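Scroll down for the structure; my scribbles are underneath it.
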Amino acid sequence: MAGYSTIQKDFYRESGKWLSTFKILAKCVNPNLHFVYILRKSQKFSETPVLGLFWKVVLRHFQIKYGFQIYPETQIGEGFYLGHWGSLVINPKSKIGKNCNIAQGVTIGQQNRGKNEGYPVIGDEVWIGPNAVIVGNINIGNNVLIAPNAYVNFDIPDNSVVTGNPAKIYSNDNATDGYINNKV
């Protein structure tokens, strides 16, 4: 997979095909993919004065239009996939690994007090279901499925399924099989 750009890897997750620049732009009619494209451009040019400002302004417009609150400062691995559009908040100091899926209504945020004051670090191959909330200075392992409506404010080990509020952890070596497709 060397030689492919981060944008190509993100779009590969959706289709399972390596796309040309033209085909990527054609897929940007989909709000999720359109936003990921603009996010990656704003990340790529963040250190370039004129282009960086241009892409940040464009990103801000589409944050408001689509309801995604994801900033270019957020560290997100390749193969990022947004399942649906609207109402998504990710703190810019959070870190997200490779091949992660995030559904609508998810909040990945900071905790301002207590033993977990800080921001989440999310591993590789994590599937986060609709309306899940992940907060605090916690680590989410690799191959973790966070069920819809789960509230997670503590560390989650690798190979786990997390459900409920308060969250409960169930060990599962195949936690994301069938949920995370077309991995890069």
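FYI, side chains are in, hydrogens and waters are out, and symmetry mates aren't considered; it's all heavy atoms of this structure. Just so it is clear, the structure is predicted and the values come from calculations on it, not from any experiment.
- Heavy-atom minimum distance, Ala147 versus Thr163: CB-CG2, 3.6 Å.
- Inter-residue side-chain proximity for Asn112 and Glu117 is flagged as unmet; no heavy-atom pair is nearer than 4.5 Å.
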Taking only distance into account, with no hydrogens and no angle test, what donor-acceptor pairs under 3.5 Å do side-chain atoms of residues 174-184 form with protein atoms, sequence neighbours excluded?
| residue | atom | partner | partner atom | Å |
| --- | --- | --- | --- | --- |
| Thr176 | OG1 | Asn143 | OD1 | 2.6 |
| Asn182 | ND2 | Arg13 | O | 3.1 |
| Lys183 | NZ | Glu125 | OE1 | 3.0 |

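- With rounding to the nearest 0.5 angstrom, the CD1 atom of Ile96 is 7.0 Å from the OG1 atom of Thr74.
- Note on Tyr151 and Phe154: separate hydrophobic clusters, where clusters join Ile, Leu, Val, Met, Phe, Trp and Tyr whose side-chain heavy atoms are under 4.5 Å apart, directly or indirectly.
- In this structure, Tyr12 and Trp18 have parallel ring planes: the angle between them is below the 30° cut-off, well short of the 60° mark.
- Summarising the geometry, atom OH belonging to Tyr66 is positioned 7.5 Å from atom NE2 belonging to His61; distances are rounded to the nearest 0.5 Å.
- Side-chain contact check for Ile138 versus Val152: some heavy-atom pair is nearer than 4.5 Å.
- A pairwise comparison of heavy atoms in Val144 and Asn159 identifies CG2-N, 4.3 Å as the closest pair.
- Taking 4.5 Å as the limit, some side-chain heavy atom of Leu88 sits within range of a side-chain heavy atom of Leu82.
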| Going through the distances and angles, do Trp55 and Ile38 end up as a side chain to side chain contact (heavy atoms under 4.5 Å, CB included)? | CA-CA 7 Å; Trp55 284 110; Ile38 293 165; 4.2 Å; yes
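- With rounding to the nearest 0.5 Å, the separation of OH in Tyr119 from CD in Gln110 is 4.5 Å.
- Asp124 contributes a side-chain N or O that, together with a main-chain N or O of Lys98, makes up a donor-acceptor pair within less than 3.5 Å.
- Residue-environment remark: CH2 (Trp85) stays at or below the threshold of 12 foreign heavy atoms within 6.0 Å.
- Side chains of Ile108 and Ile128 form a contact here, defined as non-hydrogen atoms less than 4.5 Å apart.
- Between Lys17 and Phe11, every side-chain heavy-atom pair lies at or beyond the 4.5 Å cut-off.
- Through chains of ILVMFWY side-chain contacts below 4.5 Å, Val57 is grouped with Leu53.
- Residues Val135 and Ile102 do not share a hydrophobic cluster, defined by chaining ILVMFWY side chains whose heavy atoms lie under 4.5 Å apart.
- Closest non-hydrogen pair, Tyr4 versus Gln8, comes out as CA-OE1, 3.4 Å.
- Side-chain atoms of Asn139 and Val121, non-hydrogen and from C-beta on, do get closer than 4.5 Å to each other.
- The CD atom of Gln111 sits 12.0 Å away from atom CG of Asn91, with the distance rounded to the nearest 0.5 Å.
- Across all non-hydrogen atoms, the minimal contact from Gly141 to Val126 is O-CG2, 3.3 Å.
- Of all non-hydrogen atoms in Pro130 and Ala103, the two that sit nearest each other are N-CB, 3.5 Å.
- Of all heavy-atom pairs between Ile122 and Cys100, the closest is CG2-SG, 4.4 Å.
- Taking 4.5 Å as the limit, some side-chain heavy atom of Phe80 sits within range of a side-chain heavy atom of Val36.
- Using a 4.5 Å cut-off between side-chain heavy atoms of Ile, Leu, Val, Met, Phe, Trp and Tyr, with links allowed through other members, Val58 and Leu25 fall into the same hydrophobic cluster.
- Of the inter-residue distances, the one linking Asp158 atom CG with Asn172 atom CG reads 12.5 Å to the nearest 0.5 angstrom.
- Under the 4.5 Å side-chain heavy-atom criterion for grouping Ile, Leu, Val, Met, Phe, Trp and Tyr, Phe62 is connected to Ile90 within one hydrophobic cluster.
- Counting only distance, with no hydrogens or angles, the side chain of Asn32 and the backbone of Gly83 share a donor-acceptor pair below 3.5 Å.
- For the side-chain contact (heavy atoms from CB on, under 4.5 Å) with Gln43, the lone residue among Glu47, Arg40, Lys41 that qualifies is Arg40.
- The hydrophobic cluster containing Val89 does not contain Ile76, counting ILVMFWY residues as joined when their side-chain heavy atoms lie under 4.5 angstrom apart, directly or transitively.
- No side-chain heavy atom of Tyr170 sits less than 4.5 Å from a side-chain heavy atom of Val162.
- Considering OG of Ser42 and CZ of Arg60, their distance stands at 12.5 Å, rounded to 0.5 Å.
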| task | Just do the ring-ring contact (aromatic ring centres under 6.0 Å, His included) check on Phe35 and Phe68 with the steps written out, would you? | result | CA-CA 8 Å; Phe35 185 83; Phe68 294 127; 4.8 Å; yes
